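Counting from 1, the numbers follow the sequence of the chain as shown. Owing to the predicted nature of the structure, the values given are computational and were not obtained by experimental measurement.
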Amino acid sequence: MGWYWSNCKLRCSHDPFLQEVIYFSLWCRGLTLLMQVAFNLLIPDHSADAFSPPRLEPSTSADHIVELLFGGLGRWDAEHFLFVAEHGYVYEHNMAFFPLFPLIIGGLARGPLLPLAGLLRLHSRLLISSAFLNCICSTLAAVSLYLLGCVTLQSRRSAFLAALLFCMSPISIFMTTGYSESLYALTTFTGLWQLQKCRILCGSVFFSLASAARSNGVVNAGFLLYLAMKAVVHRKGNCGQLMKTVYGILLVILPFALFQGFCYVRSCLQSYGTDQIPQELVELAVKKGYRVHKELIPAWCSFSFPLAYSHIQSEYWDVGLLRYFKLQQLPNFLLALPVLILSIATITEYASSNLELCRTLGLYKVHSKHTNGFYGPQVFVYVAHLAALTVFGFLCMHVQVNGFFAII
């Protein structure tokens with residue numbers, strides 16, 4: 001990260017667009033935080049049957065101030081990330097949330113913010129850590145997107161506009177709240193930028209971090225696979241280059257595989273773990289029907305491919321092919337409709353202007369009047385990525401979050 005920051009400072013001194021991206025991103029994060037405080041005070045929280053664990057430590061006046069300023073950033077899925085950072089993977093469904101983000105905010109709360117332990121309980125320090133981390137990561141993600149755009153689009157102005165739109169998009173609140181989206185966007189955009197600069201192993205390291213932050217980071221291995229396919233078709237890749245790509249793909253998959261292995265050991269081996277679960281958390285499990293890791297071995301442990309993630313998504317969130325196609329979910333389909341239309345329009349516009357390029361999957365050089373910008377051949381792989389996410393999100397995911405994943 002120090003290398004990344006030094007590179008950014010060097011570029012900032014020569015690129016006014018990059019300076020504006022940083023200033024605008026920080027301004028957007030500040031405005032989002034202020035709006036979160038205002039709406040958190042003015043609008044009562046929705047009473048939903050969402051994960052809401054008890055606070056085990058007594059609160060102080062300083063904790064109440066932190067809750068007032070940052071409490072809105074700790075709702076919904078953020079509760080899971082904060083809970084894992086504080087207590088670890090106590091409940092089975094917590095294992096749907098990957099460990100990199102909780103590890104970092106946990107390290108910040110127990111490290112640099114430890115002197116505040118007398119004033120603030122751990123949960124408050126975790127809230128502050130997540131807000132700080134996401135403000136930094138979202139700003140650096142905008143910078144990486146700008147740098148990626150400069151290389152891919154061959155137009156600083158277009159890259160600049162793309163970065164500004166990213167900063168002010170409807171997903172802005174998710175880039176500030178206690179989710180792993182900012183961290184994932186930063187590692188993914190930086191990995192793509194490094195791939196565009198032909199730095200395969202460096203890009204793979206960032207993709208590996210993305211896989212440790214979110215499960216869908218594994219999809220980034222497709223970019224490496226596509227790069228290898230192009231090298232084979234054009235006969236430009238030697239054996240060493242191809243081996244780098246293979247190592248890179250394995251590096252991307254490794255965090256997912258390691259975490260699934262951890263979940264298997266924790267859930268399926270009764271001899272694992274001697275840590276005591278606080279009584280309040282045991283009572284919550286009994287009340288809500290949550291499975292804790294010391295209970296009977298779950299059924300998924302005996303599957304041919306015992307993946308905790310797929311089981312948890314299916315069991316707790318009802319994620320699967322066409323499972324969301326229910327009449328009562330029609331409002332959520334309408335909520336996703338604008339971004340679905342935008343995604344389909346983007347894919348259609350690019351494909352209609354590059355029929356031959358799309359027919360050959362961008363693997364062969366074809367005559368085209370577009371050499372750079374949105375219609376350039378280098379954009380093909382990103383349009384294909386958008387198309388895959390849009391189709392998968394619409395058919396298999398909770399469709400109201402499809403817009404978010406399509407943008408990312």
Side-chain angles (χ1 to χ4, degrees), residues 25-91 93-94 97 99-139 171-183 275-288 290 292:
S25 178
L26 291 173
W27 183 85
C28 287
R29 296 287 75 74
L31 181 61
T32 303
L33 284 172
L34 289 176
M35 292 175 64
Q36 173 269 148
V37 173
F39 287 119
N40 198 36
L41 291 173
L42 295 174
I43 302 176
D45 289 339
H46 171 59
S47 180
D49 187 26
F51 183 62
S52 183
R55 309 291 179 235
L56 304 187
E57 298 177 86
S59 60
T60 65
S61 299
D63 288 315
H64 290 302
I65 294 173
V66 171
E67 184 66 26
L68 180 69
L69 295 176
F70 301 104
L73 304 179
R75 305 288 189 260
W76 298 97
D77 285 359
E79 286 277 21
H80 288 275
F81 285 113
L82 295 170
F83 180 83
V84 170
E86 186 172 358
H87 301 288
Y89 289 94
V90 175
Y91 304 126
H93 64 297
N94 293 144
F97 301 88
L100 184 59
F101 182 75
L103 282 173
I104 296 175
I105 63 172
L108 291 173
R110 295 180 176 91
L113 296 184
L114 186 60
L116 299 178
L119 290 173
L120 299 172
R121 60 187 178 186
L122 179 56
H123 183 267
S124 297
R125 303 199 310 272
L126 289 169
L127 264 178
I128 295 172
S129 299
S130 66
F132 172 77
L133 176 67
N134 280 338
C135 284
I136 297 298
C137 285
S138 59
T139 298
I171 67 165
S172 184
I173 184 60
F174 293 105
M175 308 300 287
T176 311
T177 192
Y179 285 38
S180 58
E181 272 69 11
S182 289
L183 181 60
D275 52 314
Q276 295 298 316
I277 301 173
Q279 185 60 32
E280 294 89 342
L281 300 184
V282 174
E283 292 173 359
L284 178 67
V286 173
K287 180 182 177 181
K288 295 289 188 179
Y290 299 152
V292 297

Judged by atom type as modelled, is there a donor-acceptor pair below 3.5 Å linking the side chain of [X] to the main-chain atoms of [Y]?
X      : Y      : result
Tyr179 : Asp77  : yes
Glu181 : Thr176 : no
Ser138 : Asn134 : yes
Ser130 : Leu127 : yes
Arg125 : Leu116 : no

Minimum side-chain heavy-atom gap [X]-[Y] below 4.5 Å:
X      : Y      : result
Leu113 : Leu126 : no
Arg29  : Thr32  : yes
Leu284 : Pro53  : yes
Arg75  : Thr177 : no
Val282 : Val292 : no
Tyr290 : Val90  : no
Pro99  : Tyr89  : yes
Leu41  : Leu68  : yes

To the closest 0.5 Å, what do you measure between [atom1] ([X]) and [atom2] ([Y])?
X      : Y      : atom1 : atom2 : answer
Thr139 : Met175 : OG1   : CE    : 9.5 Å
Leu73  : Ile173 : CG    : CD1   : 6.0 Å
Arg55  : Glu280 : CZ    : CD    : 13.0 Å
Leu114 : Leu108 : CG    : CG    : 12.0 Å
Leu133 : Ile104 : CG    : CD1   : 5.5 Å
Phe70  : Phe132 : CZ    : CZ    : 11.5 Å

What do the steps show when you test Leu82 against Ile105 for side chain to side chain contact (heavy atoms under 4.5 Å, CB included), and what is the final call?
CA-CA 8 Å; Leu82 295 170; Ile105 63 172; 4.0 Å; yes

Using the ring-ring contact (aromatic ring centres under 6.0 Å, His included) criterion, which residues pair with Phe97? Sequence neighbours excluded.
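Phe97 satisfies ring-ring contact (aromatic ring centres under 6.0 Å, His included) with His80, Phe81, Trp317 only.
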
What are the two closest heavy atoms between [X] and [Y], and how far apart are they?
X      : Y      : value
Phe51  : His93  : CD1-NE2, 3.7 Å
Arg121 : Ser59  : NH1-CB, 3.5 Å
Ser129 : Ala109 : OG-N, 3.4 Å

Only counting residues at least two apart or in another chain, list the ones meeting side-chain hydrogen bond (donor to acceptor under 3.5 Å, both in side chains) with Asp63.
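Asp63: side-chain hydrogen bond (donor to acceptor under 3.5 Å, both in side chains) contacts with Thr60, Ser124.
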
What do the steps show when you test Val84 against Phe101 for side chain to side chain contact (heavy atoms under 4.5 Å, CB included), and what is the final call?
CA-CA 10 Å; Val84 170; Phe101 182 75; over 6 Å; no

Hey, can you tell me if His87 and Phe83 have their rings parallel, tilted or perpendicular (30° and 60° cut-offs)?
tilted

